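Data first, discussion second: the structure below is written as structure tokens.
Owing to the predicted nature of the structure, the values given are computational and were not obtained by experimental measurement. Lettering of chains follows the sequences in order, A, B, ..., and the numbering in each one begins at 1.
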Amino acid sequence: MLDLKFIRANVELVNQAICNKNEKADLGIILALDDKRRKLQFDFDQLKAKQNQVSQEIAQLKKNKQDASELINQMGAVAEQIKQINTDLSEVEKELESALLFIPNVPHASVPVGKDESFNRYVREWGTKAEFDFTPLEHLDIASQNNLLDMPRGTKVTGSGFPVYTGMGAALERSLINFMLTFHVQKHGYEEIAVPFIVNRKTMTGTGQLPKLENDMYHIEEEDFWLIPTAEVPITNIYADEILPLNKLPIKMVGYTPCFRREAGSYGKETKGLQRVHQFNKVEMVRFVHPDDSYTILEEMVNNAEAILKALGLHYRVIELCTADLSFASAKTYDLEVWAPGAGRYLEVSSVSNFEDFQARRAGIRFRDNDGKVKFVHTLNGSGLATPRTMIALLETYQQADGSIRIPDTLRPWIDLTI
RNA sequence: GGAGAGGUGGCCGAGUUGGCUGAAGGCGUGCGCCUGCUAAGCGUAUGUAGGUCAAAAGCCUACCGAGGGUUCGAAUCCCUCCCUCUCCGCCA
């Protein structure tokens with residue numbers, strides 16, 4: 001959510017941002033509502049002040065055993081007015097609030113402006129594409145040769161896009177999660193956290209998934225709960241509606257959760273095997289930082305995510321997203337794309353974003369600065385990493401001529417190869 | 001799921017015959033004074049948000065779990081919901 005005062009003072013800038021993000025939102029309505037709100041607030045305050053004052057007088061009269069009925073009669077009308085204005089005011093506030101929730105975050109000035117992904121900016125790459133003296137297979141074939149996955153049975157028990165990992169496949173999946181969590185804790189100083197996989201509406205709104213992405217998520221009607229699409233949601237909202245002491249910042253947490261995404265409308269679009277699934281595992285890094293530091297830390301987090309790919313010896317490239325590719329809440333995002341030799345494509349395995357104070361304002365996450373003022377923190381998060389495409393790259397990169405897979409050294413301590 | 005108790009400021013804790021209570025008192029914290037140091041002591045300050053203002057100060061308004069109601073006026077009365085604790089039932 002953007003600051004109303006900021007919108008008021010930067011209408012052009014915000015409109016441009018909406019346009020660059022390929023979003024649709026009407027600032028005119030918001031400004032009109034804001035105007036209306038302030039007028040109503042003013043009237044309300046005036047009448048309330050009068051009511052408070054006269055109520056004192058009434059109390060005084062009654063204390064002195066004098067007649068107050070005239071004043072009481074007078075105030076009946078005032079009370080009516082107050083009630084009416086209050087109703088109008090709540091109505092306007094509600095409309096304003098919900099309109100505001102549809103305004104996207106403003107991209108950082110350094111973000112390339114562009115109308116589609118072709119405007120994304122290549123930043124750097126690490127390693128080289130693996131070469132083979134045979135034709136490399138795709139992950140599904142490798143998985144089937146080694147009994148690592150059972151997609152049909154996943155479809156049977158739930159539906160398409162719900163993978164079943166079997167035997168060594170399941171062990172490999174588990175080892176990846178374990179390795180990544182421990183790596184971030186030990187090498188990067190993150191605090192490990194385990195959070196609920198189901199959250200309420202307020203939490204889903206706090207990080208910006210609701211109200212806009214309602215149809216992309218799994219909903220539990222009975223309690224109005226939602227299955228999380230990323231650990232970012234529960235972890236970021238941990239400190240919702242709190243004022244953190246300055247010395248608690250920066251906070252850096254890492255957690256593993258499954259992620260649930262309906263992926264509505266993406267059928268047939270690169271959905272083969274593990275490429276795009278409805279449930280997958282992800283290790284997520286989340287930081288709460290002082291506004292002055294957030295862009296330094298964004299770079300640091302990209303490095304943190306890269307470190308995992310380096311440790312696994314997987315070739316990847318770093319991409320800076322253009323405005324159109326930025327998510328609703330993000331001000332700046334880097335994607336990490338890993339090379340999958342079998343598929344012959346780069347696959348997105350991590351997205352690292354700075355949300356500045358956008359999520360903090362929605363969720364009410366603040367801190368007290370050195371000057372004694374209460375301010376919003378900046379929140380950032382990044383995958384470190386999502387497992388399915390990491391697994392694809394792993395299988396395809398480390399496949400052998402005989403059809404087996406060589407487990408990279410880094411993962412060996414985390415997996416029992418004797419079974 | 002059933003029965004009972006309760007939700008007040010950073011924390012503890014008064015206030016429930018409705019009326020100078022944004023809220024006593026205590027703790028904590030900031031600043032100042034005092035004393036070799038520390039401790040103690042003394043003084044003083046210490047919520048958030050909205051509005052007004054160029055800004056600050058000041059002033060006004062809201063907020064005692066959330067939302068509604070009664071009333072001239074509600075932390076205090078009524079209703080609904082949420083949460084916490086204790087006991088019972090059920091279950092990993």
Side-chain angles (χ1 to χ4, degrees), chain A residues 1-10 30-101 194-206 210 220-226 234 237-249 251 258 288 357-358 360-377:
Chain A
M1 189 158 64
L2 297 179
D3 185 6
L4 246 180
K5 287 176 185 160
F6 177 82
I7 296 178
R8 238 186 271 153
N10 301 278
I30 286 181
L31 293 171
L33 282 170
D34 179 42
D35 218 47
K36 206 167 160 190
R37 183 193 117 249
R38 279 184 291 165
K39 285 203 175 83
L40 286 168
Q41 183 72 53
F42 183 80
D43 293 345
F44 178 82
D45 286 354
Q46 295 289 310
L47 287 170
K48 252 313 195 182
K50 180 169 183 190
Q51 186 181 63
N52 289 342
Q53 187 197 327
V54 177
S55 289
Q56 300 285 350
E57 290 171 24
I58 292 172
Q60 201 55 44
L61 286 175
K62 290 209 160 180
K63 212 171 181 181
N64 299 335
K65 307 271 188 226
Q66 288 173 290
D67 179 39
S69 56
E70 195 185 321
L71 280 180
I72 290 177
N73 280 335
Q74 262 181 41
M75 293 318 285
V78 174
E80 271 311 305
Q81 274 188 66
I82 288 176
K83 207 179 207 173
Q84 183 58 51
I85 291 179
N86 193 32
T87 308
D88 297 347
L89 187 58
S90 327
E91 188 60 38
V92 170
E93 275 174 346
K94 222 160 117 192
E95 283 176 44
L96 187 58
E97 174 80 8
S98 44
L100 226 37
L101 288 177
V195 290
F197 304 156
I198 296 176
V199 299
N200 59 33
R201 178 173 288 271
K202 182 175 184 295
T203 296
M204 216 39 120
T205 307
L210 285 178
I220 298 167
E221 219 162 303
E222 190 74 25
E223 289 90 358
D224 195 21
F225 285 167
W226 307 74
N237 278 282
I238 289 237
Y239 294 115
D241 298 317
E242 291 191 36
I243 298 174
L244 303 164
L246 185 60
N247 63 24
K248 211 171 164 174
L249 300 180
I251 296 169
F288 303 83
D357 65 4
F358 188 83
R361 179 170 282 109
R362 282 182 169 235
I365 310 168
R366 298 177 293 174
F367 73 103
R368 193 176 300 281
D369 208 348
N370 267 332
D371 58 12
K373 293 213 173 92
V374 175
K375 300 172 184 170
F376 290 103
V377 301

Determine the Euclidean distance between corresponding [atom1] atoms of [M] and [N]; express it in Å to zero decimal places.
N	M	atom1	result
B:A92	B:U86	C1'	23 Å
B:U44	B:A49	P	28 Å
B:G51	B:C85	C1'	41 Å
B:G18	B:A56	P	42 Å
B:C59	B:C53	C1'	11 Å
B:G28	B:C34	P	23 Å
B:U48	B:G43	P	26 Å
B:C27	B:C81	P	42 Å

Please check: side-chain N/O of [X] versus main-chain N/O of [Y], any donor-acceptor pairing under 3.5 Å?
X	Y	value
A:Arg366	A:Leu244	no
A:Asp67	A:Ser69	yes
A:Thr203	A:Val199	no
A:Asp3	A:Lys5	yes

Whole Å only: how far is the [atom1] atom of [X] from the [atom2] atom of [N]?
X	N	atom1	atom2	result
A:Gln56	B:C20	CD	P	6 Å
A:Ile243	B:C11	CD1	P	11 Å
A:Arg201	B:C82	CZ	P	16 Å
A:Leu89	B:A49	CG	P	18 Å
A:Lys63	B:U17	NZ	P	17 Å
A:Asp241	B:A49	CG	P	12 Å
A:Lys373	B:A49	NZ	P	11 Å
A:Ile365	B:U48	CD1	C1'	17 Å

Short side-chain N/O contact to B:U48 OP1/OP2 from A:Arg366, under 4.0 Å: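 For B:U48, OP1/OP2 do not have a side-chain N/O of A:Arg366 under 4.0 Å.
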Short side-chain N/O contact to B:U48 OP1/OP2 from A:Arg368, under 4.0 Å: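 For B:U48, OP1/OP2 do have a side-chain N/O of A:Arg368 under 4.0 Å.
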Dot-bracket notation for RNA chain B, counting Watson-Crick and G-U pairs under 3.5 Å, with | for partners on another strand: ((((((((.[[[..)...(.....]]]((((((.......))))))((((((.....)))))).[[[[[..)....]]]]])))))))....
Earlier contact from the 5' end, RNA chain B, for A:Asp3 and A:Ala59: A:Ala59
Residue A:Val374, side-chain heavy atoms: nucleotide from B:C20, B:A49, B:G51 that is nearest: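 Nearest to the side chain of A:Val374 among the choices is B:A49.
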Protein-to-nucleotide contact annotation, 5' to 3' order, nucleotides 53-76 of chain B [B base; S sugar-phosphate only; - none; under 4.0 Å, heavy atom]: -------SSS-------S-BS---
Are [X] and [Y] within salt-bridge range, i.e. N to O under 4.0 Å?
X	Y	result
A:Asp357	A:Arg361	yes
A:Arg37	A:Asp34	yes
A:Lys39	A:Asp43	no

With sequence neighbours excluded, residues passing side-chain hydrogen bond (donor to acceptor under 3.5 Å, both in side chains) with A:Asn247: none
Validation row: A:Leu61, A:Leu71 side chains within 4.5 angstrom (heavy atoms): yes
side-chain hydrogen bond (donor to acceptor under 3.5 Å, both in side chains) between A:Gln51 and A:Lys48, worked out: CA-CA 5 Å; A:Gln51 186 181 63; A:Lys48 252 313 195 182; 3.0 Å; yes
